[in-house]
Amino acid sequence: MKRVLSGIQPSGQLHVGNFAGAIRQFVEMQRDHEMYVFVASYHALTSTRDPRKLSENIRQVVIDYIAFGLDPAPGKVNIYLQHDVPEVTELCWLLSCVCPKHMMDKATSFKDKVSKGLQASIGLYVYPILQAADILSVDPDLVPVGSDQVQHVEITRDLAMKFNHYFGETFKVPAHKLREEAGTLPGVDGQKMSKSYGNTIDPFMAEKPLRKRIMSIVTDSTPVEDPKDPTQCTVFQIFRGLAGANDPRTAELEQRYRAGGMGYGDAKKALFELILEEFGSARRKRVELMNDPGYIETVLRHGAAAARAKAREVTDRARKACGL
RNA sequence: ACGCCAGUAGCUCAAUUGGCAGAGCAGCUGAUUCCAAAUCAGCAGGUUGGGGGUUCAAGUCCCUCCUGGCGUGCCA
């Protein structure tokens, strides 16, 4: 069984774009993979200075992932907090010492963030090394990522190979697995759905605001009676992204677009119903989980124990290899 | 460590010799619309970075601290 590692950012409310883009694939992968999923709490510190909010977000993202269907039962998915595995920071240091500075200078995510006006701490700068440590700490076979993260996995591979070259075979060099980008959804304004654009749809919202949110999706002004091109419509793209391209409901909605006589208001109602249906069990589960903090703690404790056992092995290997 | 510049609504910025803290955008509510967009009407938004002082009156002047940017120096 292949081992898979993935990290998630505790960046506040998740949205249906996250689900279609990544979470759903984790849920599918858990059937036939050994999975390690961690909350990137150290990484989060590169961009937040609000302790209360950070700890809230960390807890919430765990709840939301489980609500979405990640199964934290022993032997299924190991969910843990990054800072519960301090070995990661030691690995980060060992890797830092084989990382040429120019490798970080070239990292596009750093350059992007700085050009957007984010304050550049050393932590943000060496972020890819910490990420390499996350990955290498559990000897994964695969690291599923979006296209924006491919470079970071390449850096991980480079650092692992460099370390192995200098100190002998130590790290398993992981492969990245590009996530299907078909999962990318537009937001209510038609741009890519992203928290930073403020255009997300949160499947856990109360029904009334949720409905309003969906109704506010930007459309063109084609009259009701005219046929419409579904591929040009944000509402349809979101619908298809959530229901699936091969789902009969998607085919039916597509027909109604092409036939004419259906207004965008109806399409939005269909999307609203779809979201309530698809996320109904997640919504209920989330309420249960929020009322059971003890359970979340247990999950995290088990996850941390499993991840830490792996991380110790790897760290021991690395220490010995470099002469410590 | 020292020096210079800056900090006003979520964002970008105004505010005359010290004289009622404002605008644009974003946001929210309503009208309109199949739903949106656009437009119109309305609403909300603030410890002017914190504290102290001068004054009848401080965003504005003085002191101090904090944060950020830039520069110089010092130590390793």
Side-chain angles (χ1 to χ4, degrees), chain A residues 9-17 20 44-54 56-57 60 93 96-97 101 104-105 110-127 184-243 247 249-279:
Chain A
Q9 282 278 3
S11 57
Q13 208 52 252
L14 292 169
H15 50 79
V16 298
L45 277 175
T46 60
S47 60
T48 184
R49 307 257 159 91
D50 186 338
R52 202 173 49 88
K53 201 166 183 178
L54 177 59
E56 254 170 41
N57 285 347
Q60 191 64 56
W93 177 255
S96 296
C97 294
K101 177 171 172 289
M104 295 299 99
D105 292 334
F110 177 77
K111 290 193 287 191
D112 283 355
K113 283 175 182 164
V114 170
S115 71
K116 277 183 196 154
L118 232 84
Q119 285 179 38
S121 65
I122 294 294
L124 183 67
Y125 183 67
V126 302
Y127 191 113
T184 306
L185 298 187
V188 293
D189 59 357
Q191 295 184 84
K192 180 185 179 216
M193 192 182 292
S194 160
K195 196 164 181 272
S196 56
Y197 294 151
N199 64 359
T200 60
I201 295 171
D202 165 13
F204 296 124
M205 269 196 281
E207 282 195 29
K208 231 175 148 179
L210 177 61
R211 184 188 183 89
K212 197 164 178 109
R213 186 71 172 158
I214 290 167
M215 284 301 177
S216 76
I217 294 169
V218 176
T219 63
D220 60 36
S221 48
T222 313
V224 174
E225 55 277 7
D226 290 14
K228 300 168 186 63
D229 181 357
T231 61
Q232 295 303 306
C233 178
T234 304
V235 181
F236 182 77
Q237 286 172 43
I238 297 173
F239 190 102
R240 185 179 52 191
L242 293 176
D247 192 277
R249 292 168 299 184
T250 304
E252 191 211 327
L253 186 63
E254 182 168 0
Q255 272 310 309
R256 293 174 66 197
Y257 266 84
R258 295 200 189 281
M262 181 196 66
Y264 289 116
D266 288 335
K268 289 174 184 182
K269 281 174 198 156
L271 176 59
F272 173 66
E273 294 301 328
L274 177 78
I275 286 177
L276 284 187
E277 195 182 322
E278 289 296 305
F279 295 101

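Any value given below was found using the heavy atoms of this structure, including those in side chains, with hydrogens, waters and symmetry copies removed. Here is how names work: the chains are called A, B, and so on, in the same order as the sequence lines, proteins then strands, and each is numbered from 1. Every value quoted in this text rests on a predicted model; they were computed, and no experiment measured them.
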Enquirer: What's the gap between A21(B) and U60(B) when it is taken at their P atoms, as a whole Å value?
Expert: 13 Å
Enquirer: Nearest whole Å is fine: how far is U33(B) P from Asp266(A) CG?
Expert: 16 Å
Enquirer: In whole Å, I'd like the distance from the OH atom of Tyr197(A) to the C1' atom of C11(B).
Expert: 16 Å
Enquirer: My understanding is that a pair needs two contacts under 3.5 Å, Watson-Crick or G-U wobble. By that rule, which nucleotide pairs with A26(B)?
Expert: none
Enquirer: Look at all strands and tell whether Val218(A) reaches a base, only sugar-phosphate, or nothing, counting heavy atoms closer than 4.0 Å.
Expert: sugar-phosphate
Enquirer: Looking only at atom C1', what distance separates G51(B) and A58(B), rounded to whole Å?
Expert: 15 Å
Enquirer: Could you let me know what A37(B) is paired to, Watson-Crick or G-U wobble, both distances under 3.5 Å, or none if it's on its own?
Expert: none
Enquirer: How far does the C1' atom of C65(B) sit from the matching atom of C74(B), given to the nearest Å?
Expert: 24 Å
Enquirer: A36(B) P sits how many Å from Asp226(A) CG, rounded?
Expert: 19 Å
Enquirer: Between C1' on A36(B) and CZ on Arg213(A), what's the gap in Å once rounded to a whole number?
Expert: 13 Å
Enquirer: Could you walk me through whether Glu56(A) and Arg52(A) pass salt bridge (Lys or Arg N to Asp or Glu O under 4.0 Å), step by step?
Expert: CA-CA 6 Å; Glu56(A) 254 170 41; Arg52(A) 202 173 49 88; 3.5 Å; yes
Enquirer: Can you check the distance between C62(B) and G3(B), where both ends of the measurement are the P atom (answer in whole Å)?
Expert: 16 Å
Enquirer: Using Watson-Crick or G-U wobble geometry with both distances under 3.5 Å, which nucleotide pairs with G3(B)?
Expert: C70(B)
Enquirer: How many Å lie between CG on Asp220(A) and P on A36(B), as a whole number?
Expert: 14 Å
Enquirer: Could you tell me how far G7(B) sits from G59(B) if I compare only their C1' atoms? Round to whole Å.
Expert: 11 Å
Enquirer: What is the base-pairing partner of U8(B), counting Watson-Crick and G-U wobble geometry with both distances under 3.5 Å?
Expert: none
Enquirer: Out of curiosity, Lys53(A) NZ to Thr48(A) OG1, how far, rounded to the nearest 0.5 Å?
Expert: 7.0 Å
Enquirer: Does Arg249(A) come within less than 4.0 Å of Glu278(A), counting only side-chain N to carboxylate O?
Expert: yes
Enquirer: Measure the distance from CG on Asp189(A) to C1' on C35(B) and round it to the nearest whole Å.
Expert: 16 Å
Enquirer: What distance, rounded to whole Å, do you find between the two C1' atoms, one in U48(B) and one in C61(B)?
Expert: 16 Å
Enquirer: Taking the P atom of each, how far is U29(B) from A36(B), in whole Å?
Expert: 11 Å
Enquirer: Under 3.5 Å for both donor-acceptor distances, Watson-Crick or wobble: does U55(B) have a partner, and if so which one?
Expert: none
Enquirer: Please confirm whether Lys192(A) makes a cation-pi placement over Tyr197(A), using NZ or CZ under 6.0 Å from the six-membered ring centre and within 45° of the ring normal.
Expert: no
Enquirer: About how many Å separate CG of Leu210(A) and CD1 of Ile275(A), when rounded to the nearest 0.5 Å?
Expert: 6.0 Å
Enquirer: Could you check whether Ser221(A) gets within reach of a base, just the sugar-phosphate, or nothing at all, counting any heavy atom under 4.0 Å?
Expert: base
Enquirer: If we take the P atom in both C20(B) and U33(B), what is their distance in whole Å?
Expert: 45 Å
Enquirer: Is the shortest side-chain heavy-atom distance between Arg240(A) and Gln237(A) below 4.5 Å?
Expert: yes
Enquirer: Closest nucleotide of RNA chain B for Thr222(A) versus for Arg49(A): which of these residues is on the 5' side?
Expert: Thr222(A)
Enquirer: Can you identify which nucleotide, out of A36(B), U29(B), C34(B), has its nearest atom closest to the Lys212(A) side chain?
Expert: U29(B)
